[in-house]
There are 2 protein chains.
Amino acid sequence: MPGGPPWWHGKLRGWGYRMTIPRQVILDLLNRSSKHLSAEDIYLAVHRTYPGIGLTTVYRTLDLLEQMRLINKFDFGDGRSRYELSQGPQWRHHHHLVCTKCGRIIDYTDFVTEEVKLLDKIEEALTKKYNFKINTHQLHFYGLCEKCR
Amino acid sequence: MPGGPPWWHGKLRGWGYRMTIPRQVILDLLNRSSKHLSAEDIYLAVHRTYPGIGLTTVYRTLDLLEQMRLINKFDFGDGRSRYELSQGPQWRHHHHLVCTKCGRIIDYTDFVTEEVKLLDKIEEALTKKYNFKINTHQLHFYGLCEKCR
DNA sequence: AATGATATTGATAACCATTTCCATTTATAT
DNA sequence: ATATAAATGGAAATGGTTATCAATATCATT
Ligand SMILES: [Mn+2]
Ligand SMILES: [Mn+2]
Ligand SMILES: [Zn+2]
Ligand SMILES: [Zn+2]
């Protein structure tokens, strides 16, 4: 691993948190994954190399990273929360297609420019009208994927 | 209650289901409410007049109505599912503002025309590109409401 | 490099929304 | 009215997530 500490190293310190092995390992996994991982997914993946890391710590770390807004937390309706890195080198703003039959999730970036333009406009108007400070948004399309339709 | 059976009466029969008292009562409550009710909310409200209706039946009925697409099921992130009628006399297409502090949910209809126009266009393109049959969508803005910001 | 304050961890148990089970009741076609 | 399958409700089970707490690891200070 060349090139000094990863990009998120300073973020944790900046928020006054310590840089621990579980946090590094979990962040590294999320950084290398392009999937939408559940807490258990992460626990199992991490467990192969670091059997000492407990599920509780996974949950705690995910909560922490979500509060720092380093990751996004989703509920796609399958009974468990799922997480993805919200920023980083290869990150792009995107939304989701969710198959209600098999649970497959497709990231799409088509039209995001147009979407984000409209959403920004809406955000601004809603902020004024309802005096509501908007931090994030989620747009999900639900339906049947190629295999399931 | 003048005017014959309510508008949803035929729907259940049309799907081959029986019209039972719990189903009538739950649908009537959802029809009269403008809130986003949890299963427990519904159970408690219904329980005052019909103490015999059990929580299990509430869950079962909500599942049924969701499958029939008479209601929408949401997860706003507070650990329980919430439901609203998806059609009916006073229904209008709308999206949601969710306060991450107090859980307040605001329905808004501003810009829905523009939104829906763009979303329809996106839906069409995504359907083609990913061979994905889209049934519904959800757009949530998360932030802090007037009181909490 | 050793120290000490305290942030963090991991195992276990608790929590709680939702499901499963199954005997009983109810709706409806005949 | 009767028969039959659908629907119900209470109790117990399930499963993802959170609370508890003693043990451990981090890191500013020495
Ligand atoms: Mn994604
Ligand atoms: Mn609504
Ligand atoms: Zn599918
Ligand atoms: Zn609020």
Side-chain angles (χ1 to χ4, degrees), chain A residues 5 8-27 29 36-68 70-71 73-83 100 103, chain B residues 5 8-27 29 36-68 70-71 73-83 100 103:
Chain A
W8 61 72
H9 193 104
K11 299 254 179 187
L12 276 168
R13 306 303 307 276
W15 278 63
Y17 296 122
R18 295 179 179 175
M19 179 52 70
T20 67
I21 290 175
R23 287 172 182 169
Q24 294 187 58
V25 171
I26 290 168
L27 267 166
L29 175 63
H36 304 84
L37 303 170
S38 68
E40 194 188 7
D41 290 340
I42 294 168
Y43 169 72
L44 291 174
V46 151
H47 191 265
R48 289 200 298 270
T49 324
Y50 294 85
I53 297 178
L55 183 56
T56 309
T57 296
V58 173
Y59 275 108
R60 268 190 303 238
T61 302
L62 291 170
D63 282 353
L64 195 71
L65 298 177
E66 196 207 357
Q67 283 185 311
M68 295 174 59
L70 282 183
I71 61 176
K73 179 180 185 177
F74 297 108
D75 189 309
F76 292 119
D78 66 342
R80 66 198 63 199
S81 295
R82 297 187 169 275
Y83 304 84
T100 50
Chain B
W8 61 72
H9 193 103
K11 300 249 181 189
L12 277 168
R13 304 305 307 276
W15 278 64
Y17 296 120
R18 297 181 179 174
M19 179 51 71
T20 66
I21 289 175
R23 288 172 182 169
Q24 293 186 57
V25 171
I26 290 169
L27 268 166
L29 174 64
H36 305 84
L37 302 171
S38 68
E40 194 188 6
D41 290 340
I42 294 169
Y43 169 73
L44 291 173
V46 152
H47 191 265
R48 289 199 299 269
T49 324
Y50 294 84
I53 297 177
L55 183 55
T56 307
T57 296
V58 173
Y59 276 107
R60 267 190 304 237
T61 302
L62 291 170
D63 282 352
L64 195 72
L65 298 177
E66 196 207 358
Q67 282 185 310
M68 295 174 58
L70 281 182
I71 61 175
K73 179 180 184 177
F74 296 109
D75 189 308
F76 293 119
D78 66 341
R80 67 199 63 200
S81 296
R82 296 187 171 275
Y83 304 84
T100 50

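Atom set for the values below is all heavy atoms of this structure, side chains included, hydrogens, waters and symmetry mates excluded. Residue numbers start from 1 in every chain, and the chains themselves are labelled A, B, ... in the order their sequence lines are given, proteins ahead of strands. Just so you know, these numbers come straight off a predicted model, no measurement behind them.
Across the protein-nucleic acid pair, Tyr50(A) atom OH and dT9(C) atom C1' stand 16 Å apart, rounded to whole Å.
For dA27(C), neither phosphate oxygen OP1 nor OP2 lies less than 4.0 angstrom from any side-chain nitrogen or oxygen of Arg13(B). Side-chain N/O atoms of Thr20(A) include one lying less than 4.0 angstrom from OP1 or OP2 on dT9(C).
Residues satisfying the side chain to side chain donor-acceptor pair (under 3.5 Å) test with Arg60(A), not counting sequence neighbours, are Thr57(A).
Taking the side chain as every heavy atom from C-beta outward, Asp41(A) and Arg80(A) never approach each other to under 4.5 Å. Taking the side chain as every heavy atom from C-beta outward, Thr61(A) and Ile42(A) never approach each other to under 4.5 Å. Proximity of Ile71(B) to Lys73(B): side-chain heavy atoms (C-beta onward) are nowhere separated by under 4.5 Å.
Along DNA chain D, the stretch of nucleotides lying under 4.0 Å from any heavy atom of chain A spans, 5' to 3', dG16(D) to dA28(D).
Under the 30°/60° scheme for interplanar angles, the aromatic rings of Tyr17(B) and Trp15(B) are found to lie parallel.
Once rounded to the nearest 0.5 Å, the distance linking NE2 of His36(A) with CZ of Phe74(A) reads 6.0 Å.
Other residues, nucleotides and ligands place more than 12 heavy atoms under 6.0 Å from the CG atom of Leu44(B).
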5' to 3', nucleotides 11-21 of chain C under a 4.0 Å protein heavy-atom cut-off (B base, S sugar-phosphate only, - none) gives BB----SBBBB

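Of the candidates Thr49(B), Val46(B), Thr20(B), Val46(B) is the only one forming a side-chain contact (heavy atoms from CB on, under 4.5 Å) with Val25(B).
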